[in-house]
Amino acid sequence: MNLLSILPVSASAYAQQVDALYLFLVGMSVFFLVLIGVLITIFSLKYRRRSAGEVPAKTRSHYQLEIMWTVIPLILVMVLFFWGARLFVRYSMPPNDAVEILVTGKQWMWKIQHPDGRREINNLHIPVDQAVKLTMTSEDVIHSFYVPAFRVKADVLPGRYTTLWFRPTEVGRYHLFCAEYCGTEHSLMGGLVYVMSKADFEVWQKADGGAAGVGQLSPAAAGEALFKAKGCAACHTETPAALAPSLHGMFGHTVKLNDGTEVTADENYLHESIINSQAKIVEGFLPIMPVFQGLLTEEEIQQLIAYIKSLTADKGEGS
Amino acid sequence: MSETQATTVNETNYLNASSTLRSWLLTVDHKRIGILYLVTLTGFLLIGGIAAGLIRLELINASGRFFSHETYNKIFTAHGVVMIFFFLLPSIPAVFGNFLIPIMIGARDLAFPRLNLASWYIFVIGGVFGLSALVLGGVDTGWTFYTPYSSTYANSHVILTALGIFVAGFSSILTGINFIVTIHKMRAPGMTWFRLPLFVWAHYATSIVIVLGTPVIAITILLVACERLFHLGIFDPALGGDPVLFQHLFWFYSHPAVYIMVLPGMGVMSELIAAFSRKRIFGYTVVAMSSMAIAIIGFFVWGHHMFVSSQSIYAGLVFSFLSFLVAIPSAVKVFNWTATLYKGSISFKTPMVYALGFIGLFTVGGLTGLFLATAAVDVHVHDTYFVVAHFHYVMIGGAMMEFLGALHFWWPKMIGKMYPERVSRAGSILLFIAFNLTFFPQFILGYMGMPRRYHVYPPEFQLLHRMSSLGAGLLFISFAVVFGSLLWSLVKGKKAPANPWPAKGLEWETSSPPPTFNFDRIPEVTEEAYAYETLFGDEPGPTS
Ligand SMILES: [Cu+2]
Ligand SMILES: [Cu+2]
């Protein structure tokens, strides 16, 4: 980072678009500041008091002027609004080709799980030019995942999932910060994002014999194991007489609840259904599912969800 | 301006009417209560300022050399809590609103003088709670008290501090009610709504915000305390609560709170600009109504603090839009003040230096507010030093500068002594320079990605942090000069005439300091505010 430049390094196309808007704002601000500054200076010199008894004549009010300096700023801020809104919508909508990486924040570290099962703490390795979507949650308080080089951040909350995406275009190492104050060691809760060339990334992935080599299962596979170990499979048997609804192909679809309402089965719904099953009851079933709050870690819940997402509608074995 | 005699040579005034401690502590005179607040608030300003100094000291080094994490967190929390809840929020209304509103509208006191005294006591009790939390070991939640950190995880004196803020809030509410009733009911004959000084309009708008907003923060803080004490699941998801709910409630109050701090400053601003350019404020009605517009729209923009909080993007867009709208009345005010100077007779007495400084700083604060209203830019700079710089420009630039401007402008009236013009003016200019040196680098730091509330930070930010700390050192010196010269004038200052500037307004028609009941005879108002063309009577002529 160059100390004298006013812009931080940017490592994505989105970051450059934010910078363009920022520079427009800077330009506009300088213009208005100079305008006001020059007017005040001129008036101060020209109309400075020359004798103690001086009494200036009254100025008439001037409606055209008032309207002018209401309407011009109004037009300008509307331009800013639409410009900023367009980018904000982009920031909010991850593209379909994004790789999903799971992030758990915890006082005071970031735990990261790659789709192939490799885990990292406080660092994130990703290939260049590949869109990445982070699905994030916290085990305790609110944190915020912030990578200045991508000009993105999103809060990471306990009890629900938030997402953040970016598509890095520059190979390099970038700061990762926690931006939301989260207690004692908040200022140490960070690390580095390594954006690697495709080739380097593959080398990194395969190091030590790959994820399996270091004994790490993919989140979905780990979830499958948990599903059996935690007794979920006892009720969710996928048989017609099962006590519990089928979980195959339910992700992303609408679920009818016993109070007549409908919800879309997204990550947040699954999270709630697992830790606090009593909150929403599926139509046609009894509220017999135990409450798993406190019995599963956030990472385990993420793995279970990854497993449920991998179950396809044809009732075959999950991949 | 009115039918009263301009200067009544009156030897007894509100200050020397009686001098026992008891007569001060049991006073129901709005002027004395204003002075009580002035003394109390200056004490809090000093405490908050020391905390600020310690923060800047720590940030000289990227490695966080002096304090432990915990201590640093407690220091910035103390700085925020004290400065916001115990200095800035009450500052101008409690001191100058109290002292001046009755005089400016030609009344003998506020509508409820005893309630006014009670407000001060309530404030002091709140302050004692807040300070005892500090003395017992402090709080480490930040002044924003985000849940579930504050409600479940923090191991510090959250409840005591919350109680302090809760109690002090009642003082604000009672003062607000007192002002509203006073402005409605106690105006002197002829003092119509559109003859009110803009200072009074600004306080009217502020009082409405106080009365509507403060109960919300009081309840919110109470809920945090309930969750901590009784484990009621309100904000902590582990107990079935919603952590973002806290943010909605908190900012529903705390965004309007910015206007509680800034609107009175804008009111002061109008008085100063008019007096030192001897002009009626350009677009008086527009300026008065823009205060009301800010007060109302200000209640609907809180979500701009939550663009990255998981709030829905549609909500984000609406809040972004409304935040841009609320910028317009502020911009209009700045243009109107600037236009007031046109063809005026401008003198650069200390209060005017503060006023012109205000225009500069507030313009920077307002323009950088547009950066934050722009959703996509805010995503990047949210929770960085950019935000820290922005709100210091708005709150110190907007409220603090005007507090000092007001203090110098009305000092002769309140104390009956003149401050030393040259030293005070030098102090105000130094303050302006030091302020910019302290806070301007923080905009750059913020856009570079420096998060707030970090005392250990990457070394590439160190240079800008050092500039900022240097500025803070200079700020301390300038505050010493400013307050030192005021204190000096208490003893050695020249006796102030009734109208030293001279300026228009009923407060300048009574003696300095005013008699206990403000006017010998209730004035009758026959002209609009700021009728500077009649400053020296009908035929203009020089006085001293
Ligand atoms: Cu943090
Ligand atoms: Cu706000």
Side-chain angles (χ1 to χ4, degrees), chain A residues 1 3 6 8 18 21-22 25 29 32-33 36 39-40 43-44 47-49 51-56 58-59 61 66 69-70 73-74 77 80-81 84-85 87-89 91-92 140-142 144 146 148 151-155 157-159 162 175 177 179-188, chain B residues 69-70 73 142 146 148-149 153 237 243 278-280 282-283 286 308-310 313 316-317 320-321 324 327-328 331-332 334-335 338 341-347 356 359 363 367 370-371 374-377 379-380 382-383 444 448-449 451 453-456 458 460 463 533 535-536 540-542:
Chain A
M1 271 180 222
L3 275 180
I6 60 153
V18 173
L21 175 50
Y22 173 74
L25 276 157
S29 303
F32 277 105
L33 202 61
I36 301 278
L39 284 177
I40 289 185
F43 293 164
S44 297
Y47 306 117
R48 68 177 184 278
R49 188 168 302 162
S51 70
E54 193 175 73
V55 176
K58 206 171 157 182
T59 317
S61 44
E66 299 273 9
W69 63 49
T70 310
L74 198 62
V77 298
L80 289 174
F81 167 72
L87 274 177
F88 182 63
V89 170
Y91 146 89
S92 310
D140 38 48
V141 301
I142 301 179
S144 190
Y146 177 34
R151 313 284 187 272
V152 291
K153 74 163 65 71
D155 284 3
L157 300 140
T162 54
H175 283 300
F177 294 124
E180 184 63 69
Y181 176 67
C182 57
T184 313
E185 288 176 26
H186 166 62
S187 50
L188 300 186
Chain B
H69 300 295
E70 208 184 332
N73 296 343
Y146 269 24
Y149 185 69
Y153 290 82
R278 292 193 177 160
K279 279 249 168 220
R280 178 176 163 83
F282 189 85
V286 178
V308 301
S309 71
S310 81
I313 63 170
L317 293 176
S320 166
F321 183 82
F324 279 118
I328 302 295
V332 167
V334 169
F335 290 126
T338 309
L341 300 175
Y342 177 68
K343 291 199 171 167
S345 162
I346 304 172
S347 104
L356 295 178
I359 299 190
T363 304
L367 286 166
L370 297 179
F371 290 57
T374 310
V377 174
V379 167
H380 173 50
H382 175 74
D383 271 334
I444 303 171
M448 300 294 277
R453 297 170 171 179
Y454 269 39
H455 78 129
V456 177
E460 64 260 35
L463 179 66
E533 20 352 304
L535 184 59
F536 300 110

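We name chains A, B, ... by the order of the sequence lines, and we start the count at 1 in each one.
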Top of A/Ala85, A/Ser44, A/Pro73 for chain B proximity - count of heavy-atom pairs under 4.5 angstrom
A/Ser44
Region of A/Leu74 that comes under 4.5 Å of a non-hydrogen atom in chain B:
both
Pairing residues for B/Arg278 by the salt bridge (charged side-chain N to carboxylate O under 4.0 Å, His left out) criterion, not counting sequence neighbours
none
Within the 4.5 Å heavy-atom criterion, are B/Leu317 and A/Val89 side-chain neighbours or not?
yes
Contact summary for B/Phe536 and A/Ala52, nearest pair of heavy atoms:
CZ-O, 3.9 Å
Interchain contact, A/Tyr91 with chain B, by part (heavy-atom threshold 4.5 Å):
side chain
If you take all heavy atoms of A/Leu157 and B/Ser309, which pair is closest and at what distance?
CD1-O, 3.6 Å
Max heavy-atom pairs within cutoff under 4.5 Å with chain B, candidates A/Ser144, A/Gly159, A/Ala154, A/Pro158, goes to A/Pro158
To the nearest 0.5 Å, what is the distance between CZ (B/Phe335) and OG1 (A/Thr70)?
9.0 Å
Check: B/Ser320 and A/Phe81 side chains under 4.5 Å, non-hydrogen atoms
yes
B/Val286 versus chain A, heavy atoms under 4.5 Å apart: side chain, backbone, both or neither?
side chain
A/His175 side chain reached by A/Tyr146 side chain, heavy atoms, under 4.5 Å:
no
Among B/Asp383, B/Leu341, B/Val379, single out the residue with the greatest number of heavy-atom pairs under 4.5 Å to chain A.
B/Val379
Student check: side-chain heavy atoms of B/Tyr149 and A/Tyr181 closer than 4.5 Å
yes
Contact class of B/Ile313 relative to chain A, heavy atoms under 4.5 angstrom
both
Option in A/Gly183, A/Ser51, A/Ser92 with maximal non-hydrogen atom pairs under 4.5 Å from chain B
A/Gly183
The interface call for A/Glu54 against chain B, heavy-atom contacts under 4.5 Å, is both
Using a cut-off of under 4.5 Å for heavy-atom pairs, which of B/Ile359, B/Leu370, B/Thr374, B/Asn73 has the most such pairs with chain A?
B/Asn73
Could you tell me whether a side-chain N or O of B/Thr338 sits under 3.5 Å from a main-chain N or O of B/Val334, the two making a donor and an acceptor?
yes
Under 4.5 Å from a heavy atom of chain B, the part of A/Ile142 involved:
both
Less than 4.5 Å to any heavy atom of chain B: does that hold for the side chain of A/Tyr22, its backbone, both, or neither?
both
Can you find a pair of side-chain heavy atoms, one from A/Pro148 and one from B/His380, that are under 4.5 Å apart?
yes
Counting N and O atoms only, with roles assigned by atom type, does the side chain of A/His186 sit under 3.5 Å from a partner on the main chain of A/Glu180, one being a donor and the other an acceptor?
yes
Determine the option with the most heavy-atom pairs under 4.5 angstrom with chain A, choosing from B/Lys343, B/His382, B/Lys279, B/Glu70.
B/Lys343
Max heavy-atom pairs within cutoff under 4.5 Å with chain A, candidates B/Gly344, B/Pro148, B/Gly142, goes to B/Gly344
Name the region of B/Tyr153, side chain, backbone, both or neither, that has any atom closer than 4.5 Å to a heavy atom of chain A.
side chain
Let's test your reading of the structure: which of B/Pro243, B/Ser345, B/Pro458 forms the most heavy-atom pairs below 4.5 Å with chain A?
B/Ser345
Residue part contacting chain B, namely of A/Ser29, when any heavy atom lies under 4.5 Å
both
Identify which of A/Leu33, A/Asp140, A/Leu188 forms the greatest number of heavy-atom pairs closer than 4.5 Å to chain B.
A/Asp140
Would you please name every residue forming a salt bridge (charged side-chain N to carboxylate O under 4.0 Å, His left out) with B/Arg280, sequence neighbours left out?
B/Glu528
Under 4.5 Å, counting heavy-atom pairs only, tell me which of A/Trp69, A/Phe32, A/Phe88 racks up the most with chain B.
A/Trp69
